[in-house]
2 protein chains.
Amino acid sequence: MENDADYLARLRDYYADHGVLPPYSTIMSLVGFKSKSPVAALVARLKLQGFLESTPDKRLKPGRRFFERPLCDSVRAGFPSPAADTHHDTLTIDEYLVSHPSRTVLVTVKGDSMNGAGILPGDTVVVEKRATANAGDMVIAIVDNEFTLKTLGREKGKFVLIPSNPAYPVIRPSSDLEIFGVVVGQFRKYK
Amino acid sequence: MENDADYLARLRDYYADHGVLPPYSTIMSLVGFKSKSPVAALVARLKLQGFLESTPDKRLKPGRRFFERPLCDSVRAGFPSPAADTHHDTLTIDEYLVSHPSRTVLVTVKGDSMNGAGILPGDTVVVEKRATANAGDMVIAIVDNEFTLKTLGREKGKFVLIPSNPAYPVIRPSSDLEIFGVVVGQFRKYK
DNA sequence: TACAATATGGAACGATCGTTCTTTTGTCAA
DNA sequence: TTGACAAAAGAACGATCGTTCCATATTGTA
């Protein structure tokens with residue numbers, strides 16, 4: 001159907017409000033149907049297009065494309081087409097940055113040793129806790145009982161901590177390096 | 001119960017995976033119960049604490065505190081192990097970065113003209129839409145039908161756009177400067 | 001206008017929903 | 001060991017779930 005885009009928009013609104021998708025009966029009144037049959041057909045179409053999926057419990061969940069921004073959003077706002085691909089396909093920033101909530105902590109950045117990597121003092125980094133990491137990962141390591149944010153490197157078979165600021169030295173731990181977690185994201189608030 | 005934190009963590013992981021909350025029977029197997037009664041009690045407790053809510057359809061939805069993430073201070077003398085898990089500071093990323101959702105859009109950054117300000121290509125900036133800004137604000141301006149991210153400056157009574165990268169020139173608009181919005185936040189995902 | 005194709009309404013199905021109750025198990029203190 | 005209390009298991013409830021069927025209404029085409 002050609003109204004599917006509108007119906008999908010209503011589902012997105014509902015999801016934005018509640019954080020979950022509604023049952024068929026609620027979709028029914030949400031889009032104005034008077035029976036569940038057209039809802040079933042609608043859901044089937046949206047599933048085929050990748051906007052919806054089902055959980056094993058047969059409930060609806062957002063599909064791969066559910067968070068795509070409709071193109072008409074940019075057009076409606078009157079923005080030039082070059083800008084159309086600068087938008088962002090996520091509803092919440094949290095969902096974008098945090099994949100494993102139970103292993104994730106936020107750490108406030110102190111110091112400017114990672115300046116060159118675009119991480120400034122006062123920024124917050126999203127850290128996935130785990131004891132091992134690969135060279136090249138940005139990690140939170142524990143050095144002298146303090147958190148240290150550096151890039152993990154390898155030197156003659158040993159791990160080293162590399163800052164992204166020429167004013168700081170590479171840290172070559174004498175004992176084994178204790179890794180608190182791996183940095184998977186970062187954010188900053190202005191003003 | 002004191003295991004509630006762990007159970008909540010599993011619900012958050014489930015939600016991160018599926019984008020919806022499971023029915024009681026799935027929670028049951030998710031946390032290891034063999035009947036639904038303890039699930040009902042668990043849900044009641046989590047509702048009281050603001051982590052869960054119910055939709056009018058009696059389904060579970062994320063509550064106000066569902067997306068709280070633990071926030072560690074980077075300088076912590078004590079050891080960062082499970083011991084200190086008790087009373088973390090928490091932060092909800094979306095609430096922190098977005099104050100006025102209806103006026104806020106996310107824009108993906110292209111180019112490295114703001115490198116020096118810790119904004120890299122591929123980053124996303126949180127933009128509050130408004131037509132006016134003050135000198136010193138970082139703004140999204142519309143120049144030659146394209147979005148441009150620069151710091152707003154003032155030169156002889158006229159607004160100019162200042163990059164944070166010496167390789168780029170200051171932009172001195174001939175006509176009036178059209179401002180799309182002000183940058184209030186920024187975030188980045190690694191990997 | 002008449003016909004064919006499609007979409008919706010309405011009803012029925014077994015399954016599962018969330019809730020509530022009682023019974024059993026587990027835990028801690030005396 | 002016993003008794004008191006709390007938590008979990010288990011069973012049962014009406015309600016609602018998603019699905020499917022067929023009849024009716026709507027639409028497009030000639």
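Lettering of chains follows the sequences in order, A, B, ..., and the numbering in each one begins at 1.
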Query raised in the report: Does the ring of B/F187 carry A/R188 above it, NZ/CZ under 6.0 angstrom from centre and within 45° of its axis?
Result: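 Checked: cation-pi criterion not met.
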Query - Approximate separation, where rounding is to 0.5 Å, of B/L8 CG and B/Q49 CD - result: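 The distance works out to 8.0 Å.
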Query raised in the report: Of the candidate nucleotides D/dA9, D/dC17, C/dG10, which contains the atom at the shortest distance from the side chain of A/P23?
Result: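 The answer is D/dC17.
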Query - Selected nucleotide, minimal atom distance to A/R59 side chain, candidates D/dA9, C/dC17, D/dG18 - result: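 Among the listed nucleotides, the one closest to the side chain of A/R59 is C/dC17.
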Length of the line joining [X]:[atom1] and [N]:[atom2], which is rounded to integer Å:
X: B/I27; N: C/dT16; atom1: CD1; atom2: P; answer: 17 Å
X: B/K58; N: D/dT16; atom1: NZ; atom2: P; answer: 8 Å
X: A/E53; N: D/dG18; atom1: CD; atom2: P; answer: 16 Å
X: B/D57; N: D/dT16; atom1: CG; atom2: P; answer: 10 Å
X: A/F33; N: C/dA11; atom1: CZ; atom2: P; answer: 18 Å
X: A/M28; N: D/dT16; atom1: CE; atom2: C1'; answer: 12 Å
X: B/Y24; N: D/dC13; atom1: OH; atom2: P; answer: 20 Å
X: A/R45; N: C/dT6; atom1: CZ; atom2: C1'; answer: 11 Å

Query raised in the report: When only distance counts, do a donor and an acceptor, one from the side chain of B/S37 and one from the base of D/dA9, lie under 3.5 Å apart?
Result: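 Between D/dA9 and B/S37, which were checked side chain against base, a qualifying N/O pair under 3.5 Å is present.
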Query raised in the report: Who are the ring-ring contact (aromatic ring centres under 6.0 Å, His included) partners of B/Y15, not counting sequence neighbours?
Result: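 Result, ring-ring contact (aromatic ring centres under 6.0 Å, His included) vs B/Y15: B/F66, B/F67.
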**Report entry** side-chain N/O A/S35 vs C/dG10 OP1/OP2, d < 4.0 Å
**Finding:**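 Indeed not, no polar side-chain atom of A/S35 lies that close.
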**Report entry** side-chain N/O A/S25 vs D/dC17 OP1/OP2, d < 4.0 Å
**Finding:**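 A/S25 to D/dC17 OP1/OP2: side-chain N or O found under 4.0 Å.
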Query raised in the report: Is there a donor-acceptor pair under 3.5 Å between the side chain of B/R10 and the backbone N or O of B/I27?
Result: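 No; zero donor-acceptor contacts below 3.5 Å.
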Query - Side-chain donor or acceptor of A/D6 paired with backbone N/O of A/N3 under 3.5 Å - result: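 Such a contact is absent between A/D6 side chain and A/N3 backbone.
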Query raised in the report: Do B/D112 and B/Y168 have a side chain donor and acceptor closer than 3.5 Å?
Result: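 Present: a donor and an acceptor within the cut-off.
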Query raised in the report: Any side-chain heavy-atom pair from B/Y14 and A/T55 closer than 4.5 angstrom?
Result: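 Side-chain contact under 4.5 Å: yes.
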Query raised in the report: Through what angle, rounded to 10 degrees, does the axis of the helix from C/dT1-D/dA30 to C/dA30-D/dT1 turn between its ends, using five pairs per end?
Result: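 End-to-end axis angle for the helix from C/dT1-D/dA30 to C/dA30-D/dT1: 30°, rounded to 10°.
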Query - Residue met sooner reading DNA chain C from 5', once A/K36 and B/P22 are mapped to nucleotides - result: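 Per heavy-atom nearest nucleotide, the more 5' residue is A/K36.
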